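A quick write-up on the structure given underneath.
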Amino acid sequence: MLDPRLLRNSLHETAEVLATRGFKLDVVAYEELEEKRKSLQIETQDLQNERNTRSKSIGKAKASGEDIAPLLAEVSELGEKLDAAKDALEHVQNALNIFYQETPNLPAKEVPVGKDEADNVEVTKWGEIPKFDFDVRDHVDISERISNQAGKGLDFETAAKLSGSRFVVMNGAIARMHRALAQFMLDVHTQEHGYQEVYVPYLVNSDSLYGTGQLPKFGEDLFHTKPATEEGQGMSLIPTAEVPLTNIARDHIFADTELPLKMTAHTPCFRSEAGSYGRDTRGLIRQHQFDKVEMVQLVLPEQSMDALEELTSHAEAILQKLGLPYRKVILCTGDMGFGSCKTYDLEVWLPAQNTYREISSCSNMGDFQARRMQARYKSKDMKKPELLHTLNGSGLAVGRTLVAILENYQQADGSVKVPEALVPYMNGLTEINVT
RNA sequence: GGAGAGGUGGCAGAGUCCGGUUGAAUGCACCUGACUUGAAAUCAGGCGAAGGGUCAAACCUUCCGGGGGUUCGAAUCCCUCCCUCUCCGCCA
């Protein structure tokens, strides 16, 4: 959520900036509502004031034994007026709330203006793109030749029987490497990057989803145990650990000395991928369920831009340690997520696709989520608590990292080398052989 | 699943039976000042949030888990939902 004052005080400038993200703010409708809100609020408060004053005098009169019947008669129609004013105000306020809730964050000034993915700007490239003197296989082909008694390394057919499309069963050394990757990432972040390891719920309530911005606008991307909009509170499967990790700060006031707070968690993530039926149907790239190691930082406002650079470098460190070539792009205004004011994507090289694919997304959300969550901090010389800033990033998406290793480390005979950094996590195994 | 207790300011904790001047006693924490070489201790004062209003104030409104109701008036009465705790049962 944006600061309401931004819309109230500099509506047109704000609308212009939002337009660079492809968001059309209905300025006329907003102004009309805001004007109504103001007059209705003043009217309502005046009526409430009158009611309060009269009620108090009734109380006094009663206490001193006077007859209160005439006083009661005076107030009789006040209640109806008040109710009408309240209803009208509530109506307008609800309409305004929709504006506030559905308006995305403002991009930082340095974010390149653009329409979509194609306008993202490459910042850096790392690593050598591997050259193969044989026909490269994609991770699905590779994994089919690495099996165990239970089945193929990546078994999509069995998963489809169990659950449906976009699920996977992993077997043997592939499953082992998947597990090893998550352990490795957690160890690096906790031991080298200063993150606190956290275990979180995978089912969350709608307040949490609202806090990080998934609701009310993006509910169809999630799996719900029952409709979250219904009364009675259905819980939803987390689409990312960002949701539980960030909401730890909800309705909390931190001492400034407690910040920055850096947290990391390994969780499964669940996404319905409602809008992507035709895309990435083969392999592990786009699944309804995937594992991810997430990093979240809660920081002082003036530190959040530096923190974004730092957090992104933490995700890069994993790719570098694994020796995976990647590039870092800054997302343009049109491609950024709803709550972000600046986002870097890390894209790993996938030989079989002959292109870079997203493996991490690191965002500074500014105070956007904090305002929704009422996540604040206070220092000794501050009179009032202020909103803190939140950041999050994948460090990394585990499934896609597995894909990248299988494809980048494949050898002519179909075997796959284990990246050096991962060998200790694979019980000393240096190579996964064809079976 | 059964039985009971409870959700109040940064925290702890009164008030709820018998509705009125209670945004809320008290303690802790915190801030300012006095005393002190400094600190501690002591004393005096201050100290919730959101919104409106103002140059700034004054001032006004709302908020005692969420929602609804009764009433001129609700932290206090009624309904409902959520959550926490204790005991019993079941269980990884």
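Side-chain atoms are counted along with the backbone in the values below, which use heavy atoms only and exclude waters and symmetry mates. Treat the numbers as computed from the prediction; the structure is a model and nothing was measured. Here is how names work: the chains are called A, B, and so on, in the same order as the sequence lines, proteins then strands, and each is numbered from 1.
Nucleotides B:rA58 and B:rG53 are separated by 15 Å at their P atoms, to the nearest Å. A distance of about 12 Å separates the C1' atoms of B:rG10 and B:rA49, rounded to the whole Å. Straight-line distance between the C1' atoms of B:rA29 and B:rU54: roughly 34 Å, to the nearest whole Å. With both ends at atom C1', the span from B:rG9 to B:rG13 equals 11 Å, rounded to whole Å. Distance noted for atom P between B:rC17 and B:rC79: 15 Å (whole Å). Across the P atoms, B:rG6 and B:rU62 are found 29 Å apart, a figure rounded to whole Å. With both ends at atom C1', the span from B:rU26 to B:rC47 equals 15 Å, rounded to whole Å. When the P atom is used for both B:rG73 and B:rC63, the distance is 13 Å, rounded to whole Å.
Atom CD of A:Q48 is separated from atom P of B:rU61 by 8 Å (rounded to the nearest Å). We find that CD of A:E43 is positioned 17 Å from C1' of B:rG53, with the value rounded to whole Å. Between the C1' atom of B:rU71 and the CG atom of A:L82 lies a distance of 14 Å, rounded to the nearest Å. Taking atom CG of residue A:D83 and atom P of nucleotide B:rG69, one finds them 9 Å apart after rounding to whole Å. A:R54 has its CZ atom 19 Å from the P atom of B:rU21, to the nearest Å. Rounded to whole Å, the distance from CG on A:L78 to P on B:rU71 is 15 Å. In this structure, the NZ atom of A:K378 is 9 Å from the P atom of B:rC31, given to the nearest Å. Protein atom CD of A:Q41 is 10 Å distant from nucleotide atom C1' of B:rG53, rounded to whole Å.
The six-membered or imidazole ring of A:F270 lies away from that of A:F223, with a centre-to-centre distance of 6.0 Å or more.
Closest-nucleotide positions on RNA chain B for A:I42 and A:E50 were compared, and the one nearer the 5' end corresponds to A:I42. With the nearest nucleotide of RNA chain B identified for both A:G59 and A:N52, A:G59 has the one nearer the 5' end.
Rounded to the nearest 0.5 Å, atoms CG (A:D46) and CG (A:L82) are 10.5 Å apart. To the nearest 0.5 Å, the span separating CZ on A:R372 from CG on A:L2 amounts to 9.5 Å.
Side chain of A:P385, nearest nucleotide from B:rA49, B:rG51, B:rC72: B:rA49. Distance from the side chain of A:I253 is smallest for B:rG10 among the nucleotides B:rA49, B:rG10, B:rG20.
Listed pair A:N49 / B:rU61 meets the phosphate criterion, a side-chain N or O lying under 4.0 Å from OP1 or OP2. The shortest distance between the side-chain N/O atoms of A:R51 and the OP1/OP2 oxygens of B:rG20 is not below 4.0 Å.
Remark: the A:Q45 side chain and the B:rG51 base include a donor-acceptor N/O pair separated by less than 3.5 Å. In the interface, the side chain of A:K56 is not paired with the base of B:rG20 through any donor and acceptor atom under 3.5 Å apart.
Between A:E310 and A:K262 a salt bridge is recorded (basic side-chain N to carboxylate O distance below 4.0 Å).
The aromatic rings of A:F254 and A:H252 sit perpendicular, their planes meeting at an angle over 60°, well past the 30° parallel limit. In this structure, A:Y195 and A:H193 have perpendicular ring planes: the angle between them is above 60°, well past the 30° mark.
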*Could you spell out the base pairing of RNA chain B in dot-bracket, with Watson-Crick or G-U pairs whose two distances are under 3.5 Å, [ ] crossing and | to another strand?*
((((((((.[[[..)....(.....]]].(((((.......))))).(((((......))))).[[[[[..)....]]]]])))))))....
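With sequence neighbours excluded, the residues satisfying side chain to side chain contact (heavy atoms under 4.5 Å, CB included) with A:S143 are A:L154, A:I174.
A:L324 has its side chain within reach of A:T401: a pair of non-hydrogen atoms, C-beta onward, lies under 4.5 Å apart. Looking only at side-chain heavy atoms (C-beta outward), A:L387 and A:P301 stay at 4.5 Å or farther from each other.
As judged by a 4.0 angstrom heavy-atom cut-off over every strand, A:R37 is placed among residues touching the sugar-phosphate backbone only. A:K38 comes within contact range of the sugar-phosphate backbone alone, with a heavy-atom separation under 4.0 Å but no base atom that close.
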